[in-house]
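The next block holds one structure in the form of structure tokens; read it before the comments.
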Amino acid sequence: MTRLVMKFGGTSMADLERIRRAARLVAAEYDAGHRVAVVVSAMSGKTNELVAWTDGAGKATGRAIEGDDEYDVVVASGEQVTAGLLAMTLRNMGYDAISMMGWQVPILTSDVHGKARILDIPPAKLETALDAGQIVVVPGFQGVTESGRITTLGRGGSDTSAVAVAAAVKAIRCDIYTDVDGVYTTDPRVESKARRLKKISFEEMLEMASLGAKVLQTRSVELAMGQRVPVRVLSSFVEPGENIDQGTIVCDEDEIVEKHIVSGVAFSRDEAKITLLGLPNKVGVSAAVFSKLAAANINVDMIVQSEKRSGEYANQLFTVGRRDAQAAAEIMEAAKAEIGFDAIKVDENVAKVSIVGVGMRSHTGVAETMFRALSEKGINIQVISTSEIKISVLIDEAYTELAVRALHAAYDLDKIGQ
Ligand code: ADP
Ligand code: ASP
Ligand code: MG
């Protein structure tokens, strides 16, 4: 019998009625002849609430929060509740269901608390239960270290749990049930003309996710791509049978017939821009700046250096995640004399808007269309970065939605699939 993994996100688990609806979708797949493992998120809003509790406790006790193993004990608990409730609901419907916590499976992870990576999922316990005809409900987002401590995988991590479970039990597919009926050309909450993509390549989905489209966690796409797990994104707000031929399949590029030059527009407001003014223009300066940030585990994204006219000095601009901005600025300020720059500027009112598409590899003029569309709306581009299948620009945050809509129109994304 084929195995299937079904994952339900926070809004799909938000209350008992939604849990009952998810249970009906699970039961239908079971009745259709699949062996089913289900991965669930906490009820929507729950993880935020739990994180806030740890913040409060941390401030009160003076203990660090990020990287603290007790942080994971608290925030992993939301998924335990929904896993138990879904298993209970399935039992009440007459199905043999059982929950298995991350430590029971076990989902073995690294010990980087708050951002752990899955190392291995020994499949034996899951497989025994599935082969016995049980529906296994696993809480997403959580795992356990080799030494038995509870971990979590970073926000949105239940997607990654689901793909990892699918790979471990060799499922035919991992179905991600969420509050939209697929992956769209851009976030449908920002552009109502966004179109659902029937298929998207792993590479494009990876770029979309890492550039801000939160419909799938980036790591889950990486894992699916590496382990060749077919992923389908679809709505949980339907009754069984209503979503046939719906959703988006994330698959290999050569399985996609209708290829687009640009498939989507992604955006991220989680950005901050730091500018170092008057750096000495000499060998080793960039290494000095970025080694200090790396030592503090701060990820740098875009980087631009411009020489001053005299050639002796340069300005350097880079972006970091917004929550790292203050720390990055403090590190640089402390190294000001050693590195020898004049001043530092921090701007947290920036956003990154990106276009993604495999067609960019073989088409010219894609960047020109992007820059023209933005200039026609009077939007100034502060930084540009590119890769083979994406172009990103940094702009004033206030123009994020305007830019997304302008780019969506410029590449005719509202006509996809029509
Ligand atoms: P879940 O709780 O099910 O994991 P998320 O909130 O993490 O759901 O992800 C779904 C949300 O992702 C959607 O509600 C939508 O607003 C957002 N989103 C962003 N970009 C896209 C996109 N390109 N296609 C579909 N949804 C997107
Ligand atoms: N509940 C976790 C979060 O809100 C994990 C997830 O939903 O994927 O980040
Ligand atoms: Mg999510």
Side-chain angles (χ1 to χ4, degrees), residues 6-14 18 22 39-52 71-72 74-83 102 107 114-116 118 138-143 151-165 174-198 200 204-221 231-237 246-248 250 262-270 353-357 400-401 404 407-408 413 416:
M6 302 171 75
K7 180 257 169 177
F8 293 90
T11 29
S12 314
M13 288 279 116
R18 299 253 171 100
V39 174
V40 292
S41 289
M43 291 180 177
S44 58
K46 190 36 109 181
T47 310
N48 287 345
E49 185 186 300
L50 294 168
V51 169
Y71 166 94
D72 281 347
V74 178
V75 300
S77 66
E79 271 74 7
Q80 172 158 341
V81 173
T82 44
I107 296 181
K115 283 187 204 159
I118 297 178
V138 177
F141 187 47
Q142 56 168 259
T151 51
T152 60
L153 308 179
R155 298 306 304 270
S158 297
D159 297 329
T160 303
S161 311
V163 173
V165 167
C174 181
D175 284 344
I176 307 275
Y177 285 83
T178 182
D179 57 4
V180 274
D181 63 349
V183 178
Y184 277 67
T185 46
T186 194
D187 189 340
R189 288 178 210 275
V190 167
E191 171 53 284
S192 58
K193 293 185 193 137
R195 307 279 304 168
R196 178 170 60 89
L197 296 161
K198 290 194 174 121
I200 184 167
E204 287 172 320
M205 192 62 239
L206 190 60
E207 290 282 12
M208 290 280 280
S210 68
L211 294 168
K214 76 164 187 167
V215 60
L216 288 177
Q217 200 202 31
T218 307
R219 179 78 190 119
S220 73
V221 188
V231 169
R232 189 165 62 145
V233 178
L234 65 177
S235 169
S236 70
F237 296 167
Q246 290 294 304
T248 299
V250 189
V262 170
S263 297
V265 182
F267 59 92
S268 162
R269 294 189 174 94
D270 176 28
V353 179
S354 311
I355 53 167
V356 174
T400 312
E401 302 195 348
V404 168
L407 295 175
H408 199 266
L413 295 181
I416 277 185

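In listed order, ligands and their atoms are each counted from 1.
- A distance of 12.0 Å separates OG of S236 from CG of D175, quoted to the nearest 0.5 Å.
- At the shortest separation from atom 6 (C) of ligand 2 among protein heavy atoms lies S158 OG, 3.3 Å.
- For ligand 2, none of its N or O atoms has an N or O atom of G154 under 3.5 Å away.
- Applying the 4.0 Å criterion to heavy atoms of V183 picks out, from ligand 1, the atoms 24 (N).
- A heavy-atom separation below 4.0 Å is not found between G140 and ligand 2.
- Applying the salt bridge (Lys or Arg N to Asp or Glu O under 4.0 Å) test to R18 and every residue at least two apart in sequence or in another chain returns nothing.
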Apply the test side chain to side chain donor-acceptor pair (under 3.5 Å) to residues S220 and D159: give CA-CA distance (whole Å), side-chain angles for both, the deciding distance (0.1 Å), then the verdict. CA-CA 6 Å; S220 73; D159 297 329; 4.7 Å; no

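- The parts of T178 lying near ligand 1 are both backbone and side chain, judged by heavy-atom distances below 4.0 Å.
- Residue E79 touches ligand 2 through its side chain alone, judged by heavy-atom distances below 4.0 Å.
- The pair E401-R189 does not meet the salt-bridge criterion, since no charged nitrogen lies less than 4.0 angstrom from a carboxylate oxygen.
- The distance from the CZ atom of R195 to the CD1 atom of I416 is 8.5 Å, given to the nearest 0.5 Å.
- Shortest non-hydrogen contact noted between V356 and E204 is CG1-O, 3.7 Å.
- Taking atom 11 (C) of ligand 1 as the reference point, the nearest protein heavy-atom neighbour is D179 OD1, 3.9 Å.
- The nearest protein atom to atom 2 (O) of ligand 1, hydrogens excluded, is given as G10 N, 3.1 Å; this is a heavy-atom distance.
- Nearest non-hydrogen protein atom to atom 7 (O) of ligand 2 is S41 OG, 3.0 Å.
- Distances from ligand 1 to the non-hydrogen atoms of G182 include at least one value under 4.0 Å.
- Heavy atoms of V233 found under 4.0 angstrom from ligand 1: none, in either backbone or side chain.
- Set against the non-hydrogen atoms of M208, the atoms of ligand 1 under 4.0 Å away are 23 (N).
- With respect to M205, the side-chain contact (heavy atoms from CB on, under 4.5 Å) criterion is satisfied by exactly one of T248, V221, L197, T218: V221.
- Of the candidates V356, V404, V215, it is V215 that places a heavy atom closest to atom 12 (O) of ligand 1.
- What sits closest to atom 4 (O) of ligand 2 on the protein, heavy atoms only, is R155 NH2, 2.9 Å.
- One distance of note links OG of S158 with CD of E79; it measures 4.5 Å at 0.5 Å rounding.
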Evaluation steps, side chain to side chain donor-acceptor pair (under 3.5 Å), between D72 and T151: CA-CA 5 Å; D72 281 347; T151 51; 5.3 Å; no

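- Between D159 and ligand 2, no N or O atom pair is found at a separation short of 3.5 Å.
- Considering only non-hydrogen protein atoms, atom 15 (C) of ligand 1 sits nearest to D187 OD1, 3.4 Å.
- Of the listed options R196, K214, K7, K214 places a heavy atom closest to atom 5 (P) of ligand 1.
- Not a single N or O atom of V180, backbone or side chain, sits closer than 3.5 Å to an N or O atom of ligand 1.
- The distance criterion of under 3.5 Å between nitrogen or oxygen atoms is not met by K7 with respect to ligand 2.
- At least one heavy atom of G157 sits less than 4.0 Å from an atom of ligand 2.
- Residue contact check: R189 has heavy atoms under 4.0 Å from atoms 13 (C), 14 (O), 15 (C), 16 (O) of ligand 1.
- Shown here is Q246, whose CD atom has more than 12 heavy atoms of other residues, nucleotides or ligands within 6.0 Å.
- Scanning both residues, S77 and L50, for their nearest heavy atoms gives OG-CD1, 3.6 Å.
- Between the T152 side chain and the F141 main chain, no donor and acceptor come within less than 3.5 Å of each other.
- When the heavy-atom distances from atom 22 (C) of ligand 1 to Y177, F8, Y184 are ranked, the shortest goes to Y184.
- Residues meeting the salt bridge (Lys or Arg N to Asp or Glu O under 4.0 Å) test with E49, sequence neighbours left out: K46.
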